[in-house]
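We count ligands from 1, going down the list as the structure has it; atoms in each ligand are counted the same way.
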Amino acid sequence: MTCPLVYMHEDQVQALYRNFLQSQVNRFEAVAFGFDDGDVFHVYTSRPKTQLSGYPCTSAIHFLTTMPDGESGFAFATQIYNTMFSNGVSRSVKPSVIVLFAIQENVLRHRAFIRNLEGEFHEGIVKFIPEKSELYSRSKGLLETSVLEQCKIGVVGLGSGGSTVALELAKAGVGNFVLIDFDRLELENVARHICGTGDLGRYKTKAVRDLLYGKNPYIHVQTAELDINQNLEQTKLLLKDCDLIIAGTDNDRSRFNLNSIALEYNITTIFGRALTRACGGDVLRVRPHQGPCLGCVFTKDFLESRQEEVSQFRQSRSETPAYVPDEEVKATIQVGLASDILPISNMIVKLALVELSRGKVSGISSLEEDFVADFYLWANRRENTYASWQKMEYNFNSPSILRWYGANWERNLSCPVCGESHEPQINESEEDNIFAS
Ligand SMILES: [Zn+2]
């Protein structure tokens, strides 16, 4: 049998050691989770920010002045186990992890012992999860992680698209997030969402936050469980000091609300959506007053020509007259696969990183010259909008699926939202169509 690995967070051990020096209490109860039949254990001394997994074990940590060598370590661990976890019952129903620490000649010594269900002790190897300086050394060079660490991103809408974008930006090194969504994770979401059945019933904001912390426990994540359409003023307060906003919501009313926030606070905002059955998608970067806003692009004709994917019952219900029964509404929900949504999320992530690194020296500077368009179309499958396109085969002279197309979409100076005329150019009935809820 290979030696089990026992992982601990460096900062938690340090805090415990300070506690030991001040209080002279040398024994602490901890929480451990085991994986893979006793192959790996994670020991926590305070509540972790991340999502927990694995099976629960009892655990204790003991500080000593000298580390017992050889067999005497086993005897010491057995003694700790017997005083702390043995309650007269012949054997515990949980494995137990005992970790011993000693500072000898300024060197931290450690030994870990695992008691299995049969009551046998095995020695494990202690590993430390480092503090942040070491966690993100991998992306150095390509992206200036210290720049991204200072950035604050607002992600509104944490469905399969928005949640993936948030996670990828955390992986890239973005240090601050505001996550806004009012939905809870339901069974029907799980197949396409980054969160799994272990998060059922939770607010998507909080479940996604824990995944982000799992990638980097040192980031800051603020969550708000609110509907932007019902709480516009609160949403504004949460987003106004963001460096960038990601609009991952699934309805045009919330998108237009985010567009107004972008224009009011001059924050670059990236909108993404999938078309029916994810046959394609589009991504719009709104750089307020420099390029087109949502109102310049999402005209009535445009929205009719490129129909959005309806993936949620709530979304479908709101777009269907009240006399249509729920069962019929459910039948209208046609979704693409998560892998069909990924290219759209990925494009949003790339655009976001280009915007956040703009003007700074980074390994992705060349992309600034490529991403000159503000609006991008993704062709995924030859159906609906793309039904008449030629087969991809070996053809690269005509438009094909599985490609992005940058559209030269100028700002519309008579746009009803960002236009220079103060007179609204759109009549009431058209506006009602755009904001249909
Ligand atoms: Zn506009």
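- Using a distance-only test at 3.5 Å, with no hydrogens or angles considered, no donor-acceptor pair links the side chain of R285 to the main chain of F271.
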**Request:** Apply the test ring-ring contact (aromatic ring centres under 6.0 Å, His included) to residues H62 and F113: give CA-CA distance (whole Å), side-chain angles for both, the deciding distance (0.1 Å), then the verdict.
**Result:** CA-CA 12 Å; H62 194 103; F113 300 91; over 10 Å; no

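- Aromatic ring orientation, W404 versus W378: tilted (interplanar angle from 30° to 60°).
- By the 30° and 60° cut-offs, the orientation of the rings of Y17 relative to F63 is tilted.
- For S23, the side chain to side chain donor-acceptor pair (under 3.5 Å) criterion is met by N19, not counting sequence neighbours.
- Annotation for E29: atom CD does not count as buried by contact number, only 12 or fewer foreign heavy atoms lying within 6.0 Å.
- Distances shorter than 2.8 Å separate the Zn ion (ligand 1) from the protein N/O/S atoms C293 SG, C296 SG, C415 SG, C418 SG.
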